[in-house]
Amino acid sequence: KHVGYRVSVAAHIEECRPLSEFSGCSLVVLRQTNQSENEATIGRLRFAGVTCPLLLLTSQTHPSAWSHSHACRPDDYLLEPFSRNELLSRIELQVLRHGTGDDSRFDRSLTLDPSRSANTEDPGNLELIQEQDLPMRLGRYTLHSILGTGGMGRVYRATLHGAAGFEKPIALKMISYRGEHHAGAQELVNEARIGGLLKHPNVIDIYDFGEIQDQFFIAMELVQGESLRNILRREGAMRIPLAMEIACQLCSGVSYAHGFEQKGRALGIIHRDIKPSNILISRTGLVKLMDFGLVKAAHLTHHDPQKQMVGTPAFMSPEQIAGDALDQRSDIFAIGLVIATMLLGRNIFRGSTTVRTMRRIANAEETLKETGALEELDRRVAGLGGVLAGCLATHPDQRYRNAQVLEQELLRLRRNYLLDGGLRTWLDNSRIEATPAHNTSDDHSTIIHVSQLSPPEHDSSNARTRHDLFHLNESVLQSVES
């Protein structure tokens, strides 16, 4: 119906069926899963005088496994899993390429055995892709390798194909869940809508947003380098010039996002998930902020009327933990915490459990006094303790009003700690390999509807904060850890 022809489909060619029946077909679609079986079947068809195009549906063979000089090869491939539209497009391509041979318009057709048909409605198909299945073509994209797998889906190293042989290396991010109303789908939509607008050296570039087999994907800039999280795990506390360079570039990207306007109207973008695993260090010497999935922006993102706790617990601001209304000063808190983590080699608020970490953040100033972290930072970089006090204050009113002001303060301090040769030279001299940096994080983002959390019957062991955080049921907070 799609292309105006009836298509002859052979899901399984049995020995007892006369292969001469296929000689009158204009196209035969085969579905096989074993390479030796593929070759044998195609060979038998050719030997029987079937000269029409053969389209092979397969899950175990990719085009590079076939030699173009091989006598028994299909005319085209379609790798499972695939969408119905992709199958129809391939059929149409073969029709245009080879013609029908006569005016029969595929009058002769064979029955497709439903028991052997590809299950294109299975939502787990794309999740079953393994390294051995790659490379794999999906629409305009070829997937080459799996860069990372997380709770929401996968990121692939891929190539975007265009007209006249155009190719561009990219990272392709796909979520595991279907349906535009699913939280994961909504996050990807947010990331695409906001990321597609932002163009800045310190913000990862978004090229495309679409859907393959009812699963959303984002095509984004492929960053060769490493995530800040991995560098911290390997290096521990960073050298001062290195940490200051990364901090200034990070502030530059956040400042641009915070001040972004569309049609003369400020969007009020809040990232809400700034953390080391969302900061990539490129081998070109640029710091790249990524993952705008939890971003909040006026008029562009979906707003849930319920009170929410959104973000990664270890890098949330006190008001995020409380589920209070946020503004851009929440991101200032996260930036300050990232800077402190780089210079000290540890998250100063991290406790033995996620709940204890959240308690320490909710009482940020008290925690800073107990640990002496600001004094320690000031000993490392004169004046930095006071700057970070303006980031890590419990009350947003006591923080820097925006990232641009913070960036100016950091640039002033950096004058005494310039990084020789810049980030690019440091990367060249380090042990970092030129590999894609789009790994997945084990510091998972969290969304909890605070209105669903009931207060405990009695809690005499902990003083209440201004956010009344510990009205929240401890058992529910424990669920954040799991």
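All values reported here derive from a predicted model rather than from experimental measurement.
A cation-pi geometry, defined here as NZ or CZ lying under 6.0 Å from the six-membered ring centre and within 45° of its normal, does not hold between K173 and Y156.
In this structure, the side chain of R360 engages the main chain of I348 through a donor-acceptor pair within 3.5 Å. A donor-acceptor contact shorter than 3.5 Å links the side chain of Q328 to the backbone of H258. Looking at N402, its side chain does come within 3.5 Å of a backbone N or O of V405 through a donor-acceptor pair. No donor-acceptor pair closer than 3.5 Å links the side chain of S252 to the backbone N or O of C248. E131 contributes a side-chain N or O that, together with a main-chain N or O of I146, makes up a donor-acceptor pair within less than 3.5 Å. Listed for the T394 side chain is a donor-acceptor partner under 3.5 Å among the backbone atoms of E365.
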(message) Show, in sequence, the C-alpha distance, side-chain angles and deciding distance for L228 and V338, and conclude whether the side chain to side chain contact (heavy atoms under 4.5 Å, CB included) test is met.
(response) CA-CA 10 Å; L228 178 58; V338 168; 3.9 Å; yes

(request) I would like to know whether M238 and L343 meet side chain to side chain contact (heavy atoms under 4.5 Å, CB included); could you show each step before the answer? (result) CA-CA 5 Å; M238 286 184 167; L343 286 167; 5.6 Å; no

(message) If you apply the rule salt bridge (charged side-chain N to carboxylate O under 4.0 Å, His left out), what do you find for E226 with R283, and how did you get there?
(response) CA-CA 8 Å; E226 195 163 8; R283 293 197 68 83; over 6 Å; no

(message) What verdict does the salt bridge (charged side-chain N to carboxylate O under 4.0 Å, His left out) test give for D397 and R329, after you've listed the backbone C-alpha separation in whole Å, the side-chain angles of each residue and the deciding distance to 0.1 Å?
(response) CA-CA 8 Å; D397 290 342; R329 292 171 296 183; 3.0 Å; yes

(request) List the steps and the verdict of ring pair (Phe, Tyr, Trp, His ring centres under 6.0 Å) for F217 and F209. (result) CA-CA 6 Å; F217 71 85; F209 175 68; 7.1 Å; no

(request) List the steps and the verdict of side chain to side chain contact (heavy atoms under 4.5 Å, CB included) for R265 and Q262. (result) CA-CA 5 Å; R265 189 179 194 179; Q262 186 180 43; 5.8 Å; no

(message) Walk me through whether E221 and I170 qualify under side chain to side chain contact (heavy atoms under 4.5 Å, CB included).
(response) CA-CA 5 Å; E221 178 183 1; I170 61 158; over 6 Å; no

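Between H271 and N278, some side-chain heavy-atom pair lies under the 4.5 Å cut-off. When side chains are defined from C-beta on, V381 does not count as touching V387, because their heavy atoms never get closer than 4.5 Å. The shortest side-chain heavy-atom distance between E407 and S255 falls under the 4.5 Å cut-off. Residues L410 and I339 are in side-chain contact: their nearest non-hydrogen atoms beyond the backbone lie under 4.5 Å apart. The closest side-chain heavy-atom distance from V155 to L172 is not below 4.5 Å. Put simply, the side chain of P318 reaches to within 4.5 Å of the side chain of F333, judged on heavy atoms. Within the 4.5 Å cutoff, side-chain heavy atoms of E409 are placed close to those of Y400. Counting only heavy atoms from C-beta outward, the side chains of V287 and I279 approach each other to under 4.5 Å.
Between L392 and G336 the shortest heavy-atom distance is CD2-C, 3.9 Å. Nearest heavy atoms, S145 versus L134: CA-CD1, 3.5 Å. Residues P276 and F315 approach most closely at CD-CZ, 3.3 Å, considering heavy atoms. Closest approach of G253 to V203, counting heavy atoms only: O-CG2, 3.9 Å. Here the closest non-hydrogen pair linking Q320 and S330 is OE1-OG, 3.3 Å. Closest approach of P396 and E319 over heavy atoms only: CG-OE2, 3.6 Å.
In this structure, K199 places its NZ atom where more than 12 heavy-atom neighbours from other residues, nucleotides or ligands lie under 6.0 Å away. By the neighbour-count criterion of 12 heavy atoms within 6.0 Å, atom CZ of R380 is densely surrounded, having more than that number from other residues, nucleotides or ligands. By the neighbour-count criterion of 12 heavy atoms within 6.0 Å, atom CD of Q404 is sparsely surrounded, having that number or fewer from other residues, nucleotides or ligands.
Rounding to the nearest 0.5 Å gives a distance of 15.0 Å between CD1 of I281 and CZ of R424. Interatomic distance, CZ of R414 versus CG of L384, reported as 14.0 Å (0.5 Å rounding). Interatomic distance, I206 CD1 to M290 CE, rounded to the nearest 0.5 Å: 8.0 Å. To the nearest 0.5 Å, atoms OH (Y141) and OG1 (T159) are separated by 11.0 Å. Note: I361 CD1 to N347 CG = 6.5 Å, rounded to the nearest 0.5 Å. Note: R401 CZ to I332 CD1 = 10.5 Å, rounded to the nearest 0.5 Å.
No hydrogens or angles considered: a donor-acceptor pair under 3.5 Å links the side chains of N202 and Q249. Side-chain N/O atoms of T357 and R350 include no donor and acceptor closer than 3.5 Å. A side-chain N or O of K275 and one of T312 form a donor-acceptor pair less than 3.5 Å apart.
One finds a salt bridge joining D208 and R140 here, because a Lys/Arg side-chain nitrogen approaches an Asp/Glu carboxylate oxygen to under 4.0 Å.
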